[in-house]
Amino acid sequence: EKGGYEHFMLKEIFEQPRAIGDCMRGRLSANEGRLVLGGIREYANKLVNAERIIIVACGTSWHSGLVAEYFFEEFCRIPVEVEYASEFRYRNPVINEGDVVFAISQSGETADTLAAIELAKSKGAIIFGVCNVVGSSISRISHEGAYTHAGPEIGVASTKAFTAQLTVLNMIALRVAHQKGTITERRYHELLVELENIPAKVEKALKLDDQIKAISERFQNARNFIYLGRGYNFPVALEGALKLKEISYIHAEGYPAAEMKHGPIALIDEEMPVVFIATRDSSYDKVVSNIQEVKARKGKVIAVVTEGDALIPQMAEFVIEVPKTDEALMPMVSVIPLQLLSYHIAVMRGCNVDQPRNLAKSVTVE
Ligand code: F6R
């Protein structure tokens, strides 16, 4: 059932090219410029005309929500608020009739997310569900939505569900932007083509496995880790840190790289591994300066960069090269080495990666 892999988590990491492909199948054809989401029909215009979007989720799904915020704002010019379901539901949030709420959940059973959308629905909001488990509670209570079709995710640490969520949310944002006319035809088509290329790029990123295993060996006894990124890679930094702490029990923090100087920089010494997600994008030069700040304090830099980067390899101890893609789609590729890094470190430390202590696959208690 693990298909020859030692753990479900590793199997699911390696399934991502297929999972992302399945998620796009029948929905996207770059050739024909077609993007059809069967589950978003009746309420599609509500979404197109939304004055704001609220996204509610927990954990890794909340990180997908953060990336989706950037999609909807950049492509659709709709303001987005991304909320922890548990905070949103208890603070008497402002929800108006016709507001659009997205609930993102792999299991579709997370108690806080479910309660948050029940609350929003009772106030007249339109709920779109992005779930993996077909027929789950969240998918049933939502007005409309789109499944991620990643297949069953057994490992407690979410991997393929995350990249499939990003795929769906990206397709939804592009579909809305195209109808609204907030994206140029050219960029729309470029992104459709790039989306179709993502499974092959993820496949290529998975070939880094041996290199990442070697890096994992070097850092398996670290007591702390910091993950830094900016823009689309900021939520990837949060996700990398979450993956590491939940399965290896190493304390890790994810931060937007520029926030480092407002506190966490005090943690940096020659013992501190700092993972930078530093791919070539609009914040590249800024991230390079942040790497210099860490180097000046003797931190050990592990950098995820775009293939062919000539500058960062002169600065970082370890460099992981991922294929180039559009910056909006990079999280689907740049997260792969971070998933593998946490997996290998956890295995080396003798941890039960598929069932980490104190965690359950679906959190049906609040
Ligand atoms: C992290 C992880 C959790 C879940 C969270 C939400 O690897 O698995 O943080 O992402 O419990 O679960 P879903 O997506 O099922 O609502």
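For ligands, and for the atoms within them, numbers begin at 1 and follow the listed sequence. Only a predicted model underlies this, so the values are computations on that prediction, with no experimental measurement involved.
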Among all protein heavy atoms, pick the one closest to [atom] and tell me residue, atom and distance.
| atom | result |
| --- | --- |
| atom 10 (O) of ligand 1 | T60 N, 3.0 Å |
| atom 8 (O) of ligand 1 | V156 O, 3.1 Å |
| atom 12 (O) of ligand 1 | T110 OG1, 3.5 Å |
| atom 5 (C) of ligand 1 | C58 O, 3.7 Å |
| atom 11 (O) of ligand 1 | V363 CG2, 4.0 Å |

Examine the proximity of ligand 1 to [X] and report which part, side chain or backbone, both or neither, has a heavy atom under 4.0 Å away.
| X | answer |
| --- | --- |
| E246 | side chain |
| T113 | neither |
| E109 | neither |

| query | Taking the six-membered ring of Y249, is NZ or CZ of R357 closer than 6.0 Å to its centre and within 45° of its axis? | reply |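 Relative to the ring axis of Y249, which defines the angle, R357 lies inside both limits.
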Need the ligand 1 atom indices (1-based, order shown) with element for anything under 4.0 Å from a heavy-atom of [X].
| X | result |
| --- | --- |
| S61 | 10 (O), 13 (P), 14 (O) |
| A157 | 7 (O) |
| S105 | 13 (P), 14 (O), 15 (O), 16 (O) |
| G59 | 9 (O), 10 (O) |

| field | F8: hydrophobic cluster co-members (side-chain, 4.5 Å) | value |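 I154, all in the cluster of F8.
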| query | Purely on distance, is any nitrogen or oxygen of K361 under 3.5 Å from one on ligand 1? | reply |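 Such a contact does not occur with ligand 1.
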| request: Please state whether the rings of F71 and F75 are parallel, tilted or perpendicular, taking 30° and 60° as the class boundaries. | output: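 Plane angle under 30°, so parallel.
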| said: If the contact criterion is a heavy-atom separation under 4.0 Å, does V133 count as touching ligand 1? | reply: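 It does not; every heavy atom stays at 4.0 Å or beyond.
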| Is there a heavy atom in K243 that sits closer than 4.0 Å to ligand 1? |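 In this structure, K243 qualifies as a contact of ligand 1 - some heavy atom is under 4.0 Å.
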| message | To the closest 0.5 Å, what do you measure between CD (Q16) and SG (C23)? | response |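 Output value for this atom pair is 12.0 Å.
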| query | Can you check whether F219 and F318 have ring centres sitting under 6.0 Å from each other? | reply |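 Ring centres of F318 and F219 closer than 6.0 Å.
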| message | I'd like to know whether the aromatic ring centres of H7 and Y343 sit less than 6.0 Å apart in this structure. | response |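 Under 6.0 Å, so yes.
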| Other residues, nucleotides, ligands: >12 heavy atoms within 6.0 Å of E32 CD |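 More than 12 heavy atoms, drawn from other residues, nucleotides or ligands, come within 6.0 Å of this atom.
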| request: Please assess R18 against D22 for the test salt bridge (Lys or Arg N to Asp or Glu O under 4.0 Å), listing each intermediate value before the final yes or no. | output: CA-CA 6 Å; R18 187 199 51 71; D22 285 351; 2.2 Å; yes
| said: Which residue is it: W62, F102, F128? I am looking for the one with a side-chain contact (heavy atoms from CB on, under 4.5 Å) to I55. | reply: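 Per the side-chain contact (heavy atoms from CB on, under 4.5 Å) rule, the option paired with I55 is F102, out of W62, F102, F128.
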Donor-acceptor pairs under 3.5 Å, side chain of residues 223-234 to any protein atom, not counting sequence neighbours: which ones?
from	atom 1	to	atom 2	distance (Å)
N224	OD1	H251	ND1	2.8
R230	NH1	N290	OD1	2.9
Y232	OH	Y70	O	3.3
Y232	OH	E74	OE1	2.6
N233	OD1	S334	OG	2.9
N233	ND2	T279	OG1	2.8

